[in-house]
**Q** 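Below you will find the structure I want to go over with you.
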Amino acid sequence: MSGGANSPMFEQYKALKAANPDAILFFRVGDFYETFFEDAVVCARELEITLTSRNKNDAEPIPLAGVPHHNAAGYVQRLCDQGYRVAIADQVEDPSVAKGLVRREVVRVVTPGVTLDPTGLEGSRANWLVAVALADDGVGLAFLDASTGAFRGTTARDLPGALAEIARMSPREAVLGPGVALSLPGVTVSPLSAGAFEEGAAAAELGGILDAPRAGALCRAAGAALAYVRDRLGGRALNVHGFATWSSEAYLVVDETSSRNLEIQRTLIDGKRRGSLLALLDLCGTPMGSRRLADWLSFPLLDRPQLRRRQLALGALVDDPGLRSDLRTRLAEVADIERITARVAQGTAHARDLAALGRSLAQVPALVVSLRGHADLGVLCPADVGSDIAADILDTLVDDPPFATNDGGLIRQGVNPTLDELIRITLDGVGIIDRMEEEERAATGIGSLKIKRNNVFGYFIEVTTANLHKVPDRFLRKQTLSNCERYVTGELQELEGKVLGADSRRKALENELFRALRDRVQAASARLLAIARTLADLDALVSLAEVSARHDWTEPEMVEEAVLDLVGSRHPMVEAALSEERFVPNDVFLDPETRSLALVTGPNMAGKSTVLRQVALIVLLAHVGCRVPAERARIGLCDRIFTRVGAADDLRKGQSTFMVEMAETSTILHHATARSLVVLDEIGRGTSTYDGLAIAWAVAEDLHDRIRCRAMFATHYHELCELTETRSRAVNLQVAVSESGGDVVFLRRLVEGAASRSYGIQCARIAGMPKAVVQRATRLLVELEKHATPPGERRQLDLFSRAAPEPEAEPPEPVADPLRELLASIDPDALTPRLAQDLVYRLKDLV
Ligand code: ADP
Ligand code: MG
């Protein structure tokens, strides 16, 4: 292949690229998939592969980056993980016979939401595609996971409502119908023709799917989702059996920002699952259980009887450690039945998949026996244990079959008499030939006669030149060599046909028997999915029970009244992360009649954010039906949890603008109800002192006067504490510290009353600020406090803000070696990630 940008090959490339403008084009050239131009730049960056160029000597060389075709799957997956689509352009005619330029076509487009390669799928995470459609009845949202065949949706009243439901599901990919103006950060939005969203087309697409919507926004969305995925799968069957509709009012809403702040699915600091609430809760034995657990966290229950049932089942498991460990041992042997079943439907399941499926099903009867007799665990018993499917698989396949399904070695002996015979012949072949050699030696009297084999004419008899006179007529000469002659006989040819033929017939027959087995399993896929669902529930519940038992969590009492009464409560993840230090438990009491708004003060690093988040996390866990980290908990049902962190404290990069903070706060004021829990952490911090205080004050008043929800408001504006003088249901709480020798000692205890000082300078010292700077700051503070400042503002002055007066021109005390001094003063254990980052900047400055 040669030529510049105008060569025939590039004309072909450009045509394919023009037809797939939204995808990175993997263009097959020989043993490589090549990418060109902008695609090459993206691939080089994302895949860490070399960017070169074609026609280096041209005026405009073409950027080029390629990957070997045999391990392209991994690269495609990585691009999908980054949110890209990849169009695979293969050679569709044999290059050796093609006249001129070999024809190429895009054979499939791989996208983040429709992944086929099991190695690219995160087991613990569902792989949702969302389709969004508008109609008179609202915004239809349909979610389809091609990897399991799960299919469900809801109708939202408006686009903000739709966003909240989309956040619940965290899809990987989206297709948007006409007129849907949604921005979905982190989601790949893919094109789909408007026609797919038309009601008639959508309803037809949904065809025989159980409980599928027949009209309206949801029907349009569901039909479009299905059409899109079917198209992406290149006609392969989907394992979709039914459609489940949910109503957003039935579940607690935790919007995307709150979910991120609470580190439910991943941590703020590195976006990893490790360290999140989900990671703490997930001791599941199967990927299905892990996905179910994530689902439960996204759909916290608001139905008290349903919650009670989950609590009772969990309680039965917590109280019986023997049962729990027995179940966990068995669940650990269970494979991902849902995804295997989906691969069976798509015809991509291999023998190992089926063997794993058989072994998994074999665990089920024993699980049922363990659960039987527990009244509260009855619902977790699958009605159908699938013994017949397990037996069929295990009786058909050998214990440890190979990956390849066309190379034999899959099927057990005794399954098929013809196969057994073929195997015997193949294995015996060698022996039969040996016997024939003996017989021919005896018959001809040629002691040195040998039967050999080569690839040219298979088996032959070899006789040395000295013995040629003894060769009988029935030997047919094939070849003459310098010291011997080679012959075949009719008998030998017949045997050869049998032995060699047997081997290939054996392979074909095994493949056929395997496919037949796969078809039988496919026919049982609805049953398999039902079993998988029950096992996922069981696994998720056993995991919650195990975590509850390990950490000594307590069953919350769920009540109608909008109260929040926690005794000895802890932050689940912070507690789990502490090693030496003990987590200090705290009591929190909020009540709609007497104290609904708590203003929380205390110096930096005292533990304000921790106690706020722990309250929100406990409320969430309680609605999942899980036990909670507390000695005692009484929690009124809650419709929404809102948490917002002031911009200055927000670890997200690039977005920490005051505007975002205000937009988020306004969302809360628009959507919170008397049933909600609102947790605000240092809101108003991102602007000047007066602005910030004024806004914080007005927000707190609105929460108290109008919304009247349970709310906790951490603030560094100590003036805000005066709110309790005019607002009857507002209360001041502080995270206690004590002072010893000019140092702050953090007690981590939440007590009544407002903090009197913010201990900013002490914090600066603990954070490793150079001694000279700390001393200087102390003197400045005294100076500043002498200045005429508004009452109450005095202790709050931000030394670095525009509002602060210029420090006097007093030279700082000389420091012998600032770098050394700074390093010596660091207490690594006292550093938060944020302080650590600041510190690195300071160190760099000093250098
Ligand atoms: P603030 O928001 O007041 O600045 P944080 O809530 O961020 O303080 O807490 C700072 C650190 O203190 C946390 O990272 C945690 O390690 C520790 N901490 C907070 N609360 C407790 C507690 N109750 N018991 C033990 N350690 C705690
Ligand atoms: Mg904080």
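By convention here, the first residue in the shown sequence is residue 1. Worth saying up front: this structure is predicted, and the values here are computed from it rather than measured. Values reported hereafter were calculated over all heavy atoms of this structure, with side chains retained and with hydrogens, waters and symmetry mates removed.
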**Q** Taking side chain to side chain contact (heavy atoms under 4.5 Å, CB included) as the test, write out the residues that go with R310, two or more places apart.
**A** W296, L301, L541, V624

**Q** Working note: Y228 + S190, criterion side chain to side chain contact (heavy atoms under 4.5 Å, CB included); need CA distance, chi angles, decisive distance, verdict.
**A** CA-CA 10 Å; Y228 178 76; S190 297; 3.3 Å; yes

**Q** If you define the side chain from C-beta out and look only at heavy atoms, does anything of Y33 sit under 4.5 Å from I88?
**A** yes

**Q** Does one side chain, of R104 or Q12, offer a donor that lies under 3.5 Å from an acceptor on the other?
**A** yes

**Q** Closest approach of A222 and F243, non-hydrogen atoms and distance?
**A** CB-CE1, 3.8 Å

**Q** Please confirm whether the backbone N or O of V521 pairs with a side-chain atom of S525, one donor and one acceptor, at under 3.5 Å?
**A** no

**Q** Looking only at heavy atoms, what is the nearest atom pair of A221 and A131, with distance?
**A** O-CB, 3.2 Å

**Q** Does any non-hydrogen side-chain atom of S53 lie less than 4.5 Å from one of I62?
**A** no

**Q** Just jot down the side chain to side chain donor-acceptor pair (under 3.5 Å) partners of R291, sequence neighbours excluded, or say none.
**A** D336, E338

**Q** With side chains defined as the heavy atoms from C-beta onward, is the minimum distance between L144 and L238 less than 4.5 Å?
**A** yes

**Q** Hey, is E263 close enough to K272 for a salt bridge, meaning N to O under 4.0 Å?
**A** no

**Q** Will you find, in the side chains of R644 and S258, an N or O donor that is under 3.5 Å from an N or O acceptor?
**A** yes

**Q** Of V130, L176, D22, which is the lone residue that meets side-chain contact (heavy atoms from CB on, under 4.5 Å) with V189?
**A** L176

**Q** Say whether R172 and T188, considering side chains only, have a donor N or O and an acceptor N or O under 3.5 Å apart.
**A** no

**Q** Could you go through the side chain to side chain contact (heavy atoms under 4.5 Å, CB included) check for H241 and I209 one step at a time?
**A** CA-CA 6 Å; H241 292 280; I209 290 176; over 6 Å; no

**Q** With a 4.0 Å cut-off on N to O distance, would you call R152 and D145 a salt bridge?
**A** no

**Q** Verify the distance criterion only: is there a donor paired with an acceptor across the side chains of T286 and D539 at less than 3.5 Å?
**A** yes

**Q** When rounded to the nearest 0.5 angstrom, what distance separates CD1 in I531 from CE in M288?
**A** 10.0 Å

**Q** Which atoms form the tightest heavy-atom contact between V229 and A146, and what is the distance?
**A** CG1-CB, 3.8 Å

**Q** Classify the side-chain pair S298/D295 by whether it contains a donor and acceptor separated by less than 3.5 Å.
**A** no

**Q** Assess the side chains of E173 and T111: does a donor N or O sit below 3.5 Å from an acceptor N or O?
**A** yes

**Q** Between K17 and D39, is there a side-chain N and carboxylate O pair less than 4.0 Å apart?
**A** yes

**Q** Scan for salt bridge (charged side-chain N to carboxylate O under 4.0 Å, His left out) pairs involving residues 192-204, sequence neighbours excluded, and state none if there are none.
**A** E199-R220

**Q** Less than 4.5 Å apart, side chain to side chain, heavy atoms only: is that true for M573 and L617?
**A** yes

**Q** Side-chain donor-acceptor pair under 3.5 Å between S147 and N127, yes or no?
**A** no

**Q** For the pair S543 (side chain) and L281 (backbone), establish whether a donor and an acceptor sit closer than 3.5 Å, ignoring hydrogens and angles.
**A** yes

**Q** Do you know which two heavy atoms are closest between R78 and E48, and how far apart they sit?
**A** NH2-OE2, 3.5 Å

**Q** Heavy atoms, side chains only, cut-off 4.5 Å: are C284 and L293 in contact?
**A** yes

**Q** Angle class for the F403/H350 ring planes (parallel below 30°, perpendicular above 60°, tilted otherwise)?
**A** perpendicular

**Q** Any chance you could lay out the side chain to side chain contact (heavy atoms under 4.5 Å, CB included) test for V110 and R85, step after step, and finish with the verdict?
**A** CA-CA 6 Å; V110 186; R85 282 177 292 271; over 6 Å; no

**Q** Can you run down the salt bridge (charged side-chain N to carboxylate O under 4.0 Å, His left out) pairs that involve residues 518-538, sequence neighbours left out, and say none if there aren't any?
**A** R292-D537, D384-R527, D388-R527, D392-R520

**Q** Sequence neighbours left out, what pairs pass salt bridge (charged side-chain N to carboxylate O under 4.0 Å, His left out) with at least one residue falling in residues 242-254?
**A** R157-E249

**Q** Rounded at 0.5 Å granularity, tell me how far CG in L529 sits from OG1 in T148.
**A** 8.0 Å

**Q** Is the shortest side-chain heavy-atom distance between F642 and V253 below 4.5 Å?
**A** no

**Q** Would you confirm whether T534, through its side chain, and P382, through its main-chain N or O, come within 3.5 Å as a donor-acceptor pair?
**A** no

**Q** Just do the side chain to side chain contact (heavy atoms under 4.5 Å, CB included) check on L51 and L64 with the steps written out, would you?
**A** CA-CA 6 Å; L51 180 67; L64 159 79; 6.0 Å; no

**Q** Using salt bridge (Lys or Arg N to Asp or Glu O under 4.0 Å), reason through E34 and R28 one step at a time and then give a plain yes or no.
**A** CA-CA 6 Å; E34 304 283 19; R28 181 73 178 265; over 6 Å; no

**Q** With F143, which residues qualify under ring-ring contact (aromatic ring centres under 6.0 Å, His included), at least two apart?
**A** W246

**Q** Roughly how far apart are L357 CG and L361 CG, rounded to 0.5 Å?
**A** 4.5 Å

**Q** Is there a side-chain contact between L252 and L620 in this structure, where contact means two heavy atoms from C-beta onward sitting under 4.5 Å apart?
**A** yes

**Q** Please report the interatomic distance CG(L159) to CG(L182), rounded to the nearest 0.5 Å.
**A** 5.0 Å

**Q** Do I641 and H623 come close enough that some side-chain heavy atom pair is under 4.5 Å?
**A** no

**Q** Within this structure, what is the CG-CZ distance for the pair L25 and F37, rounded to the nearest 0.5 Å?
**A** 11.0 Å

**Q** Would you call the rings of F36 and F27 parallel, tilted or perpendicular if under 30° counts as parallel and over 60° as perpendicular?
**A** perpendicular

**Q** Can you confirm whether R214 is buried at CZ, in the sense that more than 12 heavy atoms of other residues, nucleotides or ligands lie under 6.0 Å from that atom?
**A** yes

**Q** Do you know the tightest heavy-atom contact between C43 and L79?
**A** SG-CD1, 4.1 Å

**Q** Using every non-hydrogen atom in the two residues, find where R675 and L637 come nearest and quote the distance to one decimal.
**A** NH1-O, 2.5 Å

**Q** If I take atom OG from residue S276 and atom CG from residue L262, how far apart are they, to the nearest 0.5 angstrom?
**A** 11.5 Å

